[in-house]
Structures are given as structure tokens and as C-alpha cells.
S.K.: 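My questions all concern the structure below.
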Number of protein chains: 2
Amino acid sequence: MATTQTRPRASLSPEQVASAALELLDREGLDALSMRRLAGELGVGTMTLYGYFRSKDELLDAVVDAAVAEREPFSSDGTWQEQIRRLMQGSRRNLSRHPGLVKVRADRPVLRPEALRFAETGMTILRRAGFDRTDAARAFRLLFTYVFGYVSFSPDERADQARRDARAATAALPPDEYPSVHEASAELAEAMAGHETFDFGLDRIIDGLEARLRVAGRA
Amino acid sequence: MATTQTRPRASLSPEQVASAALELLDREGLDALSMRRLAGELGVGTMTLYGYFRSKDELLDAVVDAAVAEREPFSSDGTWQEQIRRLMQGSRRNLSRHPGLVKVRADRPVLRPEALRFAETGMTILRRAGFDRTDAARAFRLLFTYVFGYVSFSPDERADQARRDARAATAALPPDEYPSVHEASAELAEAMAGHETFDFGLDRIIDGLEARLRVAGRA
DNA sequence: ACCTGAACACCGTTCAAGT
DNA sequence: ACCTGAACACCGTTCAAGT
């Protein structure tokens, strides 16, 4: 039989390329994710990747989609406050799974269909809670900003490192020029990362939205 | 007279290099800020810059300091709510003046002495308002996250572009799969940027903190 | 002492050529 | 048709040499 002994050329799919890119991003960070490195890891020539994606930007869009697709299922049990709480905590968990990706997403509008499922779920909860369209849109934007901001500025891998750095930085300040920071040095360091700080902020936001709903309901 | 006709070599200061870098960053964005470009604009060899800063990272730290130093004076008139509101609005204005810098700051802890003046002012207001050290630290972190998150994900130059992109993205979705987003398409687009959306979120956060203070005060 | 060109180990992408 | 090496125009930084 004359079957070909040489395997047919790699013959990747765009999905395989994107998921290899996500894996490389998670493993070695954003700086390591270059077209040359990725092609090397896939065992193909660099320019082969341009057969699947027109540019690195297009590849990054696909990587974002691949990560967002891992989303956990959402159950709409409980009060709107409980639902919003669970949705945002789940979103933070998803984003934290791929810390390198948050920087990528800050560069492009979070408007791909997969990402907008998050908006759809959030807007549905807020509208059912009684917010009008304008308030629901602004409330969603507030929650979105908080979750994405938290993951951008309080990463939870290296949380201990962040606390140590904060402790060292505040300890080095002249106490007379920075009395309030100096006095709360330990508490500020503790609040630099972790889910307690995230939950505290999320609960204050939900309380503030609840107050808004009461005022709007009376009007 | 035998005065030297050739000007003494450029003889820059680190501050001059940092402020030229900030100017280049504002003018052409983060990608344009390379050691080679910057040296070229200053009319010196690339390696000359390494006499002022040991690395590009160290230069970027100095650029952040230069931008933060432009901070507006802060007056402590009014209630704590009014003070927090003014402080955060001022911080957003400062950050918006140098949009390219927000990405830089997401990569490094916001812990330089100049940046911690913002924390000092915020913590002083919150402590005077009656928050204990733990709550004040978490409340400050919430406010910080919101302001930095907002500037990262809702830039206000190209606000109209962001709204148009959002409008196009939501209009392209199947209405039956995305009913809530589709229904509030106009409101979501409007809420993608601008100071109304920022102020709405900030006011909800302040209301939520106020509620917390009432509960803590009763305990 | 102060400055810097050449070199090294990288980038993303175009273009022309290989099978 | 599918894949890719060479080349171009860039990076940050080390090192040795220039004045």
C-alpha cells in the first residue's frame, strides 16, 4: 500500500492557534506571546500564522473570545442583589484565570458577541429589578468598570507580593506628611488585593444601586 | 577671546528627559515612546538616556511622577461626600490628560510617593467621616479602582467613536439572543463614555459608603 | 567623565519564492 | 493551494570604544 508516510502538514485550525496562544499567554505572560514564539511552539513557520489571522490584533481578538467562552453557567435564583453579586464574582473569577488578557482587553472595546453575553445577563437582571433603561445601562457600566478595574489594578496571583510592596512603600513615607496613610499602613496593604476587598466594594456598589432604585421608585 | 563656539553637550537633566517622554507619549501614544525615538527627539544618542535612567522601566516611573505632580490643589470644604466627589473627579481629569499613561500604571503598583498623596487625601477624608481604618482602606480602594478602571475602559477622547462602535456592535446582535442589550442599545452606547456615566457611578458608590457608615455607626 | 556606535537578541509584517 | 525564508523597519540593552 502506498499510503503517505509523511503526515500531512500541520493543518491547524484558527481555534487551535488561538487556544495555543492563550496557553502561552497564561504560561509566560503577554511579552512572551509573539507571532514568532507561537509559531515555534506550534512547529510551523512564523508566516504560516498569517494564513489563519490577518494580523496579531486579529489573533488577540480570537484569544479573548476563547477565554470568554469558558464562562460558567449562570443561574437566576435569588434577589437581583444576589444575582448581580454572583454574576460579578463569576466575572472576576473568569478574568483572574487569564491575568495577561486584561491588558489586551483594555486596548480594545469589550464589544465582541461573546463578551456581550455578560452585558445581556447583567442588563436583564437590572431591568427586572426595576431600573429604567438609562439607569440600567449606567449601573451595568459601573459594575463592569469595577470588575475590570479591580482585576487590572489588584491582581490576585502575587497578592502577597502586592501587600508586601504596599507595606514597604507606605512605611518609607515621612509620617508627618502622610499621617493617614501611615496610620492605616497595615489596612491599606491588606486591601491591596484579595476577594474580601473585592466583595466589600461590590457590596457598597450594590447598596448604592439599591438606594437609587428606592428613590426612582418613589418618583 | 577663546570662548568655545561649540555648545557644551546637551547636558540634560533626568526631569527634562522625563518631561520630553511625557510629551511624546501624549502626542503619539505609548507605542511611539521608545528609547530610540526619544533620544532622537532630544538630539542625543540612544545610549545617552541610560546615563539618566538605568532602564526604560525607571524612565517610565519618572514619567508617571511627572504627570502626577501636575495635580490640582485640593480644598477640604464641604461634607465628606462632596470632598470625595471633588477628589475623584479631579483624579479622573488628571488621568484623562495623559491617557497613554494609564496602561503604564496598570503594569506597576501605584505606590510612588507622589501617587500616594492621592491616597493620603482620600484616607484623611474617609477617616474624618467616621470610617474605621479597615473600612477606610477598603473604601479608598473601591474609589481608586473605579477611577482608574473608568479611565482604562472608558477613555474620554474618542468618546464619540466608542459610542458609535458600541452602537454598531449591539445592532449587529440577534435580538432574540440579546433582548436586554438590544432594547437598551442606545442607552448602553451613551453610557460607554463621558462624565455623566462617571458621575452616576461615583454617586452610587458614595451612597453605598454612606449607608455603610450609618450601619457601622449604630453598631 | 561623559557620551555613543556597533552588535545582539528580539519584534510584526511584506514580498517573493518554494513545494 | 498552501506554506515559508529572507528582508525591512523597528525594539531594549550590553559592551567596548571614542572624545
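Since we're looking at a predicted model, the values are computed, not measured. Below, all heavy atoms of this structure are taken into account, side chains as well, without hydrogens, waters or symmetry copies.
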S.K.: Mind checking side-chain contact (heavy atoms from CB on, under 4.5 Å) for B:E23 and listing every partner two or more places apart, or none if nothing turns up?
M.R.: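 Counting only residues at least two positions away or on another chain, B:E23 forms a side-chain contact (heavy atoms from CB on, under 4.5 Å) with B:R27.
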S.K.: For the pair made of CG in B:L12 and P in C:dC3, what is the distance, rounded to whole Å?
M.R.: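 Roughly 8 Å, once rounded to whole Å.
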S.K.: In terms of relative ring orientation, are B:F198 and B:Y146 parallel, tilted or perpendicular, with 30° and 60° separating the classes?
M.R.: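 Correct class here is parallel.
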S.K.: Kindly express the pairing pattern of DNA chain D in dot-bracket notation, using | wherever a base pairs with another strand and counting only Watson-Crick or G-U pairs under 3.5 Å.
M.R.: ||.|||||...|||||.||
S.K.: Salt bridge check, B:R97 against B:D26: does any charged N sit closer than 4.0 Å to a carboxylate O?
M.R.: no
S.K.: Identify whether any heavy atom of A:S55 sits under 4.0 Å from a base atom; if not, whether one sits that close to sugar-phosphate; answer base, sugar-phosphate or nothing.
M.R.: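 Sugar-phosphate, no base atom in range.
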S.K.: From C-beta outward on B:Y50, which listed nucleotide comes closest to its side chain: C:dT13, D:dG12, C:dC3?
M.R.: D:dG12
S.K.: Check residues 162-174 of chain A and write down every donor-acceptor pair under 3.5 Å in which the side-chain atom is one partner and the other belongs to a residue at least two apart or another chain.
M.R.:
unit_1 : atom_1 : unit_2 : atom_2 : d
A:R163 : NE     : A:E190 : O      : 3.2
A:R163 : NH1    : A:D160 : OD1    : 3.2
A:R163 : NH2    : A:A193 : O      : 3.3
A:R164 : NH2    : A:Q161 : OE1    : 3.0
A:D165 : OD1    : A:Q161 : NE2    : 2.9
A:R167 : NE     : A:S185 : OG     : 3.3
A:T170 : OG1    : A:A166 : O      : 3.0
A:T170 : OG1    : A:R167 : O      : 3.2
A:T170 : OG1    : A:S185 : OG     : 2.8

S.K.: Would you check, one step at a time, whether the test side chain to side chain contact (heavy atoms under 4.5 Å, CB included) holds for B:R71 with B:V68?
M.R.: CA-CA 6 Å; B:R71 194 180 54 271; B:V68 172; 4.1 Å; yes
S.K.: Any heavy-atom pair between the side chains of A:Y52 and A:V44 that's under 4.5 Å?
M.R.: no
S.K.: Using atom C1' of each nucleotide, how far apart are C:dA1 and D:dA17 to the nearest Å?
M.R.: 14 Å
S.K.: Just the rounded figure in Å: distance from C1' of C:dG12 to CG of A:L49.
M.R.: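 Atom CG in A:L49 sits about 11 Å away from atom C1' in C:dG12.
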S.K.: Determine which pairs satisfy salt bridge (Lys or Arg N to Asp or Glu O under 4.0 Å) with at least one residue from residues 136-159 of chain A, sequence neighbours left out, and list them in order.
M.R.: A:R92-A:D156
S.K.: Where is the tightest heavy-atom contact between B:S180 and A:T124, given as atom of each residue plus distance?
M.R.: OG-OG1, 2.7 Å
S.K.: Any protein N or O atoms within reach of nucleotides 8-10 of chain C? Criterion: under 3.5 Å, listing atom names and distances.
M.R.:
none

S.K.: Under 4.0 Å, heavy atoms only, any strand: does A:M47 hit a base, just the sugar-phosphate, or nothing?
M.R.: base
S.K.: For the P atoms, the ones on D:dA9 and on C:dA9, what distance do you get once it is rounded to whole angstrom?
M.R.: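 That atom pair is separated by 22 Å.
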S.K.: When the ring centroid of A:F74 is compared with that of A:F118, is the distance short of 6.0 Å?
M.R.: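 No; A:F118 has its ring centre 6.0 Å or more from that of A:F74.
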S.K.: At their closest point, which heavy atom of A:M123 faces which heavy atom of A:A136, and how far apart are they?
M.R.: SD-O, 3.6 Å
S.K.: Rounded to whole angstrom units, what separation is found between the CZ atom of A:F53 and the C1' atom of C:dG12?
M.R.: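 In whole Å, C:dG12 C1' lies 16 Å from A:F53 CZ.
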S.K.: By a strict heavy-atom criterion of less than 4.0 Å, which residues belonging to residues 57-65 of chain B are in contact with DNA chain C?
M.R.: none
S.K.: When the nearest nucleotide of DNA chain C is assigned to A:R54 and to A:D31 on a heavy-atom basis, which residue is associated with the more 5' position?
M.R.: A:D31
S.K.: Has the side chain of A:Y178 got a donor or acceptor atom that lies under 3.5 Å from a matching backbone atom of B:P113?
M.R.: yes
